[in-house]
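Counting starts at 1 for both ligands and their atoms, following the listed order.
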Amino acid sequence: MLEAILLVGGQGTRLRPLTISTPKPMLPVAGYACTEHQVALARAAGVSRIVLGTSYRAEVFEDHFGHGENVGVEMIYAVEEEPLGTGGAIRNAAAYLTCGPNDPVVVFNGDVLTGLDIAGLVQKWRDADADVALYLTRVEDPRPYGLVPTDSIGRVQAFLEKPTTPEEIVTDQINAGCYIFKRSVIDSIPTGRTVSVERETFPELLAAGRMVIGVVDDGYWLDLGNPLAFAKGSADLVTGKAPSPLLTGRTGQAIVEPSAKVDPSAKLTGGTYVGHNVVIGANAVVDGSVIFNEVQIAAGAKVTNSIVSTAAHIGDNSLITDTVVAERVFVGANNELQAGARIFPDSRIEGCAIRFSSDKS
Ligand code: GDD
Ligand code: MG
């Protein structure tokens, strides 16, 4: 039996206003929460028990997953009264594991979209007799991540979380947010205080000469850290660029829930997701966007690379580009919202052209 810990307790500050009511890992990407995609991936790799390390809005997870009856994996909740950091959360969740000290435990950041071969990573951990195996990916700009240089046989040489000086940018390999831990290593993380696995646990293991390996996988990977990444992740799932066991046979230009009413002249492209009871009017265009349930998009409106949250209204001929529209926002006719605009819940936008840095006119 393989067990996993999913870290889902972060505040998701960069995704406000969407995360005011919903924790980031529970926001829908292509119609399912990121956590649901991850649970399905873990299950496909043979994981049968998952401990969710929760803190911010913990109840949302339990209400949704219960004991895991509908997802085919036993779900258990380790709730932190105060957020304990990534390492503290892993240690706190360990109290609910049943495996032995030398067994592998899969640990996942809750906001990572990937098709990683988890079983393959476990095998590499075994083959190397490692204390920890880290899933690594390569990115153009590694600065917002944990940098993980490795030697010629894949042994991790350093762990540099969110480097601040140019000298620290020693590699384009980053921590992709999934680890295989030997259970006993988790049990050695201090209890009762905040611990960062990236800033404290990994550097300490390396300093102590423990066997930490990095496994670079160049398959699909995305951190759903900000609104545009969130829209991109959803679009990639809908088009099939990002793999998910939940969407097999449904991928294409758009996924539309059967209860949505879409005018035949409307165009849905670029991996758009359209939720339940959405109404889309004549000649509207929705491209690469996430449309939550109960939304109305009126005739001639154009929504591109944006997120429109539950029960929002987009008026006739309005243009919405690279924007987050939160729950129940009313956007009247002929408005323009662009380039990183974030409209908070229940706002009313009329007679408005909001443009940010890309506005050169
Ligand atoms: N339970 C719990 N408690 N979970 C937490 C806490 C906490 O106190 N703090 C963060 N988390 C969860 C978040 O919900 C998220 O799923 C995960 O831990 C990582 O936190 P983020 O806040 O998303 O971190 P990041 O994206 O800046 O950086 C991390 O991920 C990168 C890859 O996406 C680091 O692990 C980097 O090293 C890594 O490159
Ligand atoms: Mg993150």
Side-chain angles (χ1 to χ4, degrees), residues 4-16 18-19 22-27 29 33-35 37-39 50-62 76-96 106-114 116 132 134-149 156 158-164 168-169 171-179 181 186 189 191-203 212 214 216-217 220-230 233:
I5 296 170
L6 256 171
L7 300 177
V8 293
Q11 289 248 2
T13 319
R14 285 169 293 170
L15 272 168
R16 275 169 66 89
L18 296 173
T19 47
T22 308
K24 172 166 67 169
M26 286 303 287
L27 290 172
V29 267
C34 183
T35 306
H37 292 288
Q38 291 185 329
V39 168
I50 297 180
V51 185
L52 281 188
T54 66
S55 165
Y56 179 67
R57 296 208 164 264
E59 70 291 348
V60 177
F61 295 93
E62 203 160 348
I76 292 128
Y77 304 89
V79 184
E80 300 147 48
E81 304 245 311
E82 292 294 324
L84 289 170
T86 46
I90 296 170
R91 179 67 185 89
N92 188 56
Y96 300 85
V106 182
V107 178
F108 241 107
N109 283 353
D111 59 345
V112 158
L113 208 54
T114 172
L116 173 70
V132 186
L134 309 182
Y135 162 32
L136 310 180
T137 189
R138 276 187 272 254
V139 292
E140 231 160 76
D141 180 7
R143 286 173 300 175
Y145 304 107
L147 272 61
V148 187
V156 173
F159 197 107
L160 305 156
E161 181 67 11
K162 303 200 174 60
T164 48
E168 287 178 300
I169 319 278
T171 177
D172 61 353
Q173 288 178 186
I174 60 146
N175 166 27
C178 177
Y179 326 114
F181 269 85
I186 297 181
I189 297 173
T191 55
R193 68 169 172 89
T194 306
V195 180
S196 160
V197 78
E198 297 88 352
R199 294 179 193 278
E200 195 174 335
T201 312
F202 291 141
V212 182
V216 181
D217 181 312
Y220 186 89
W221 180 87
L222 188 69
D223 173 310
L224 301 174
N226 60 58
L228 294 186
F230 182 82

Practice problem: Select the closest option to atom 28 (O) of ligand 1 among Lys162, Lys24, Glu198, Arg14, judged by heavy-atom distance. | Solution: Lys162

Self-check item: For atom 33 (O) of ligand 1, closest protein heavy-atom neighbour
Solution: Asp223 OD2, 2.6 Å

Exercise. Before signing off on this row, confirm whether Gly85 and ligand 1 have an N or O atom pair separated by under 3.5 Å.
Key: yes

Practice problem: Only counting residues at least two apart or in another chain, list the ones meeting side-chain hydrogen bond (donor to acceptor under 3.5 Å, both in side chains) with Thr35. | Solution: none

Quiz item: Quick one: which ligand 1 atoms are inside 4.0 Å of a heavy atom on Gly53?
Solution: 1 (N), 2 (C)

Quiz item: Judging by distance only, is a nitrogen or oxygen of Pro144 under 3.5 angstrom from one on ligand 1?
Solution: no

Exercise. Using protein heavy atoms only, decide if any is under 4.0 Å from atom 22 (O) of ligand 1.
Key: no

Quiz item: Between Gly146 and ligand 1, is there a nitrogen or oxygen pair with a distance under 3.5 Å?
Solution: yes

Quiz item: Would one find an N or O of Gly110, backbone or side chain, under 3.5 Å from an N or O of ligand 1?
Solution: yes

Quiz item: Can you tell which part of Phe202 has a heavy atom less than 4.0 Å from ligand 1: side chain, backbone, both or neither?
Solution: neither

Quiz item: Close to the Mg ion (ligand 2), meaning under 2.8 Å, how many protein N, O or S atoms are there?
Solution: 2

Self-check item: Residue and atom name of the nearest protein heavy atom (relative to atom 39 (O) of ligand 1), distance in Å to one decimal
Solution: Asn175 O, 2.6 Å

Practice problem: Keeping the roles fixed (side chain from His37, backbone from Thr114), state whether a donor-acceptor pair exists under 3.5 Å. | Solution: no

Self-check item: Nitrogen or oxygen atoms of Gly177 and ligand 1 under 3.5 Å apart
Solution: no

Quiz item: Would you say Glu161 has any N or O atom under 3.5 Å from an N or O of ligand 1, going by distance alone?
Solution: yes

Quiz prompt | Protein heavy atom at shortest distance from atom 13 (C) of ligand 1 | solution = Gly10 N, 3.5 Å

Practice problem: Quick one: list whatever passes side-chain hydrogen bond (donor to acceptor under 3.5 Å, both in side chains) with Asn92, sequence neighbours left out. | Solution: none

Quiz item: Is Ile174 close to ligand 1, meaning an N/O of one under 3.5 Å from an N/O of the other?
Solution: no

Quiz item: Can you name the side-chain hydrogen bond (donor to acceptor under 3.5 Å, both in side chains) partners of Tyr145, sequence neighbours left out?
Solution: none

Quiz item: Any donor and acceptor pair, going by atom type alone, linking the side chain of Trp221 with main-chain N or O of Ala176 inside 3.5 Å?
Solution: yes

Exercise. Could you say whether the N/O atoms of Glu80 and ligand 1 ever approach to under 3.5 Å?
Key: yes

Quiz item: Any Lys/Arg nitrogen of Arg57 or Glu62 sitting under 4.0 Å from an Asp/Glu carboxylate oxygen of the other?
Solution: no

Quiz item: What are the atoms of ligand 1, with element, lying closer than 4.0 Å to any heavy atom of Val112?
Solution: 33 (O)

Quiz item: If you measure every N/O of Leu7 against every N/O of ligand 1, is any gap under 3.5 Å?
Solution: yes

